[in-house]
Amino acid sequence: MHEREWPEEGELVVCTVVDVKDFAAFVTLDEYNGRRGLIPISEIARGWIKYIRDYIREGQKVVCKVLGVDPNRGHIDLSLKDVNEHQRREKIHEWKNEQKANKWVGFASEATGVDREIIEEAIYREYGLLYPAFEEIVTTGGEAVDRLNLDEPVKESLVTIAHDNVKVPRVTITGHLDLISARPDGVNVIRRALRSAQPKIEDVEIDLIYIGAPKYRIKVTAPDYKTAERAIEKAATAAVGVVERAGGSGKFIRKQRAG
């Protein structure tokens, strides 16, 4: 199900193949109440196609790009060849999440006695999709639910359901700290530096691992890369600052993440 009745040109949609002819494949759009669409043979795959069923078959789930929509005639023209593998995986992932979120809305409706369409409308108005609302409820500790124009019992139900079902993605980044102090009490200086490298930051974990003098590995786990980058810079700056103020030297080497 989707908030709109018709897809937009350029949109990626999940389809079920219902009939394959020599010249085209006919599909239903899973997110648009089974509206029918057509993929002409020229949009099935790149290059010359001898047998269309070598590329598409009845019952198959495919991700297509919308080429054109004519609501008056009820026509939706689609392309299969214009969707790459990365786009296909991302869209299928989004679609599966929406299916789960659709069930969760049903749970909230049953628990509170509020019509599910009222709940869906409130979420769509703010987020455009269902799943991002549940994800943000978890990442904000429930605060995001206040954006929804819903009664308190419904909000409370959504918060409970979100926390029970959504696993917030986490990312990890690492780097190395070189900390040197030639003072007689240098060991204590380094200890103070390491303690300062573990500031209290909400929803962020900072681990320090001794590698071998003067190197220490610093690992930061956070909800997203932006938060993680800020945290590791804050931690490293604090540690280096302690050592330098005590007359020593410090250096932070950030390990670059792939991609």
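- Under the 3.5 Å distance criterion, the side-chain polar atoms of Ser196 are matched with a main-chain donor or acceptor of Ala193.
- Considering all non-hydrogen atoms of both residues, Leu158 and Ile137 come closest at CB-CD1, 4.3 Å.
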Working note: Trp104 + Phe134, criterion ring pair (Phe, Tyr, Trp, His ring centres under 6.0 Å); need CA distance, chi angles, decisive distance, verdict.
CA-CA 9 Å; Trp104 300 339; Phe134 289 94; 5.1 Å; yes

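- Note on Glu136 versus Arg147: salt bridge recorded, some NZ/NE/NH1/NH2 to OD/OE distance being below 4.0 Å.
- Among all heavy-atom pairs drawn from Ile206 and Gln198, the shortest one is O-NE2, 3.2 Å.
- Contact check for Pro223 versus Val171: no side-chain heavy atoms found under the 4.5 Å cut-off.
- Distance check: Leu29 CG to Arg35 CZ gives 9.5 Å after rounding to the nearest 0.5 Å.
- Crowding of Asn149 atom CG: a count of heavy atoms from other residues, nucleotides or ligands under 6.0 Å not exceeding 12.
- Environment of NE2 in His163: crowded, with over 12 heavy atoms of neighbouring residues, nucleotides or ligands closer than 6.0 Å.
- A pairwise comparison of heavy atoms in Gly250 and Leu179 identifies CA-CD2, 4.3 Å as the closest pair.
- The local environment of OH in Tyr51 is sparse, with at most 12 non-hydrogen atoms from other residues, nucleotides or ligands closer than 6.0 Å.
- Panel note: side chain Asn84, backbone Gln87; a donor-acceptor pair is recorded below 3.5 Å.
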Under the side chain to side chain contact (heavy atoms under 4.5 Å, CB included) criterion, do Val83 and Leu12 qualify, and how do the steps go?
CA-CA 8 Å; Val83 180; Leu12 298 183; 3.8 Å; yes

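- Counting heavy atoms from C-beta outward, Ile253 and Asp178 have side chains that approach closer than 4.5 Å.
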Walk me through whether Glu98 and Leu129 qualify under side chain to side chain contact (heavy atoms under 4.5 Å, CB included).
CA-CA 7 Å; Glu98 281 299 286; Leu129 293 170; 3.6 Å; yes

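- The shortest non-hydrogen separation linking Ser157 to Thr112 is CB-CG2, 3.9 Å.
- Remark: Arg230 is not positioned above the aromatic ring of Tyr225, lacking an NZ or CZ atom under 6.0 angstrom from the ring centre and at most 45 degrees off the axis.
- One hydrophobic cluster, built from ILVMFWY side chains closer than 4.5 Å, holds both Tyr55 and Val62.
- Under the 3.5 Å distance criterion, with hydrogens and angles disregarded, a donor-acceptor pair is assigned to the side chains of Glu43 and Ser79.
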What do the steps show when you test Val63 against Ile92 for side chain to side chain contact (heavy atoms under 4.5 Å, CB included), and what is the final call?
CA-CA 8 Å; Val63 175; Ile92 290 294; 3.8 Å; yes

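- In this structure, Trp95 is not a member of the same hydrophobic cluster as Tyr131, with clusters built from ILVMFWY side-chain heavy atoms closer than 4.5 Å.
- Environment of NZ in Lys21: sparse, with no more than 12 heavy atoms of neighbouring residues, nucleotides or ligands closer than 6.0 Å.
- Going from atom CG of Leu177 over to atom CG of Leu194 covers 7.5 Å, rounded to the nearest 0.5 Å.
- Between the side chain of Glu110 and the backbone N or O of Phe107 there is no donor-acceptor pair closer than 3.5 Å.
- Here the straight-line distance linking atom CH2 of Trp6 with atom NE2 of His75 works out to 9.0 Å at 0.5 Å rounding.
- Within the 4.5 Å cutoff, side-chain heavy atoms of Glu120 are placed close to those of Asn102.
- In this structure, Asp224 does not pair ionically with Lys226, as no charged nitrogen and carboxylate oxygen lie closer than 4.0 Å.
- Summarising the local packing, CG of Asp22 is surrounded by 12 or fewer heavy atoms from other residues, nucleotides or ligands at distances under 6.0 Å.
- Considering all non-hydrogen atoms of both residues, Gly106 and Arg116 come closest at CA-NH1, 3.4 Å.
- Closest approach of Leu148 and Lys155 over heavy atoms only: O-CE, 3.2 Å.
- Note on Val145: it clusters hydrophobically with Val138, by side-chain heavy-atom contacts below 4.5 Å among ILVMFWY residues.
- From Glu9, atom CD reaches atom CG of Leu67 across 7.5 Å, with rounding to the nearest 0.5 Å.
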For a side chain to side chain contact (heavy atoms under 4.5 Å, CB included) check, start with the C-alpha distance between Ser249 and Val243, then their side-chain angles and the critical distance, and finish with the verdict.
CA-CA 6 Å; Ser249 63; Val243 174; 5.5 Å; no

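- Under the side-chain contact (heavy atoms from CB on, under 4.5 Å) criterion, Glu58 pairs with Asp19, Val20, Arg53, not counting sequence neighbours.
- Judged purely by distance below 3.5 Å, without hydrogens or angles, the side chains of Thr16 and Lys61 pair a donor atom with an acceptor atom.
- Note on Tyr127: it clusters hydrophobically with Ile119, by side-chain heavy-atom contacts below 4.5 Å among ILVMFWY residues.
- Using a 4.5 Å heavy-atom threshold, the side chains of Thr174 and Arg217 count as touching.
- Annotation: Lys251, atom NZ; neighbour count of heavy atoms from other residues, nucleotides and ligands within 6.0 Å does not exceed 12.
- In Lys219, the NZ atom is not crowded: 12 or fewer heavy atoms of neighbouring residues, nucleotides or ligands sit closer than 6.0 Å.
- Proximity of Thr172 to Val220: side-chain heavy atoms (C-beta onward) are nowhere separated by under 4.5 Å.
- The shortest side-chain heavy-atom distance between Val27 and Cys64 does not fall under the 4.5 Å cut-off.
- For Lys91, the NZ atom counts as densely surrounded, since its 6.0 Å shell holds more than 12 non-hydrogen atoms of other residues, nucleotides or ligands.
- Between Glu121 and Glu117 the shortest side-chain heavy-atom distance does not fall below 4.5 Å.
- Here CG of Leu80 is found 12.0 Å from CD1 of Ile41. Values are rounded to the nearest 0.5 Å.
- Side-chain contact between Ile118 and Leu150 is present, with at least one heavy-atom pair separated by less than 4.5 Å.
- Residues that satisfy the ring pair (Phe, Tyr, Trp, His ring centres under 6.0 Å) test with Tyr216, not counting sequence neighbours, are Tyr210.
- Summarising the geometry, atom CG belonging to Asn97 is positioned 11.0 Å from atom CG belonging to Leu130; distances are rounded to the nearest 0.5 Å.
- Residues Ile49 and Leu38 do not share a hydrophobic cluster, clusters being chains of Ile/Leu/Val/Met/Phe/Trp/Tyr side chains in contact below 4.5 Å.
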